[in-house]
Amino acid sequence: MKAHTKQTQALMTPESALIALQEGNKRFVTSKMLKRDLNSQVAETASGQYPFATVLHCIDSRVSAELIFDQGIGDLFSIRIAGNFVNEDILGSMEFACKLAGTKVLVVLGHTACGAVKGACDHVRLGNLTALINKIEPAVEAVSSPKDEALRTSKNIDFVNEVAQKNVEMTLNAIRKHSQVLKELEDDGALKIIGGMYDIGSGVVDFY
């Protein structure tokens, strides 16, 4: 597998870029990953990079976009932060990746059993982690059931996973609301903005 070039990136559409991620995840799940000479890809990308996708995902060690989508060096812009939310700096990174560097799909990827989401469900307070948890807690409040507070904690994995999905949805809304650049790219058909959930048990990514 060769690294993407300016020409191969230009040939991709938002739809084909998403299909490439979907097919890569299928290869990952079925242990049919493509053979890549990563050292050759290092050389091929030394003079420039032409990724086709940008993925915002969690720092969780089990969730590496390059691996779960079976991609190589120069294929993805990978943005990682616990809880996969956005702030001004992350939005700026996305605008660089999509507007200036030309990626065709922007994925907000949550995952099951997310530790950051569990922390938000439990309203954890610890040093600088507190400010991060505060950014995810609106997703907890947005999930209306169960009503019983005893069931709205990290011990209820179904609740945790529902909050994680809601957090992805709210992050997608925040991107469109706070980045005119990305919203215009989407409206013009030059960019697909989409959410997904990664199952840490099966390795499968379900796109919304």
Side-chain angles (χ1 to χ4, degrees), residues 18-19 21-22 24-26 28-30 53-69 76 78-91 93-94 105-179 182-183 186 191-208:
L18 177 58
I19 290 171
L21 293 180
Q22 292 170 326
N25 183 241
K26 289 179 182 177
F28 172 72
V29 172
T30 57
T54 301
V55 183
L56 170 65
H57 58 309
C58 187
I59 65 168
D60 193 293
S61 63
R62 300 163 292 182
V63 189
S64 169
E66 288 81 1
L67 292 177
I68 66 177
F69 290 121
L76 305 179
S78 185
I79 305 171
R80 303 190 70 168
I81 188 168
N84 43 265
F85 60 86
V86 290
N87 59 20
E88 184 180 40
D89 300 315
I90 293 172
L91 287 171
S93 296
M94 289 176 169
V105 61
L106 170 58
V107 179
V108 177
L109 186 67
H111 69 94
T112 59
C114 178
V117 171
K118 288 181 178 180
C121 292
D122 292 341
H123 305 288
V124 169
R125 299 294 181 261
L126 175 66
N128 291 299
L129 181 60
T130 301
L132 184 148
I133 292 296
N134 286 342
K135 295 178 176 66
I136 306 171
E137 285 177 335
V140 178
E141 301 305 318
V143 175
S144 59
S145 61
K147 300 292 185 181
D148 186 350
E149 288 298 326
L151 298 177
R152 297 174 63 85
T153 72
S154 62
K155 294 180 180 180
N156 183 350
I157 193 61
D158 291 335
F159 178 63
V160 169
N161 292 340
E162 189 170 352
V163 172
Q165 181 169 336
K166 177 60 69 173
N167 183 53
V168 170
E169 294 171 359
M170 294 177 73
T171 299
L172 292 169
N173 291 337
I175 290 170
R176 296 181 175 108
K177 178 179 180 181
H178 297 294
S179 175
L182 297 173
K183 182 68 167 58
E186 182 182 42
L191 176 70
K192 180 180 287 292
I193 302 175
I194 191 169
M197 283 291 293
Y198 174 72
D199 190 316
I200 64 168
S202 67
V204 173
V205 174
D206 287 318
F207 289 96
Y208 296 172

Can you check whether A65's main-chain N or O pairs, donor with acceptor, with H57's side chain at less than 3.5 Å? yes
Applying side-chain hydrogen bond (donor to acceptor under 3.5 Å, both in side chains) as the test, list every pair that has at least one member in residues 135-144; sequence neighbours left out. H123-E137, R125-E137
Measure the CG-CG distance between N134 and L129 for me, rounded to the nearest 0.5 Å. 9.5 Å
Let me see the working for I175 and L91 under side-chain contact (heavy atoms from CB on, under 4.5 Å), right down to the final yes or no. CA-CA 7 Å; I175 290 170; L91 287 171; 4.1 Å; yes
Any donor-acceptor pair under 3.5 Å from S93 side chain to D89 backbone: yes
Over 12 foreign heavy atoms within 6.0 Å of CG, D148: yes
Please report the closest heavy-atom contact between S78 and E66, naming both atoms and the distance. CB-OE2, 3.2 Å
Strictly distance-based, threshold 3.5 Å: is any side-chain N or O of T112 a donor or acceptor partner for the main-chain N or O of N161? no
Nearest-0.5 Å distance, CG of residue L67 to CZ of residue R62: 14.0 Å
Under a 4.0 Å N-O cut-off, is there an ion pair linking E186 with K183? no
Expected output: side-chain N167 to main-chain A139 donor-acceptor under 3.5 Å: no
As an exercise, state the distance from OG1 of T171 to NZ of K166, rounded to the nearest 0.5 Å. 11.5 Å
When L172, I81, L56 are each screened for side chain to side chain contact (heavy atoms under 4.5 Å, CB included) with V86, the one that passes is L56
Is a side-chain donor or acceptor of T130 paired with a backbone partner of G127 at a separation under 3.5 angstrom? yes
Check the pair I68 / L109 against side-chain contact (heavy atoms from CB on, under 4.5 Å), numbers first and verdict last. CA-CA 11 Å; I68 66 177; L109 186 67; 3.6 Å; yes
At what distance, to the nearest 0.5 angstrom, does CG of L151 lie from SG of C121? 12.0 Å
For the CD1 atom on I157, are there more than 12 heavy atoms of other groups (residues, nucleotides or ligands in this structure) within a distance under 6.0 Å? yes
Taking N25 for its side chain and G203 for its backbone only, find out whether a donor-acceptor pair lies under 3.5 Å. yes
R152 (side chain) donor-acceptor with P146 (main chain) under 3.5 angstrom: yes
Relative to each other, are the rings of F28 and Y198 parallel, tilted or perpendicular (30° and 60° limits)? tilted
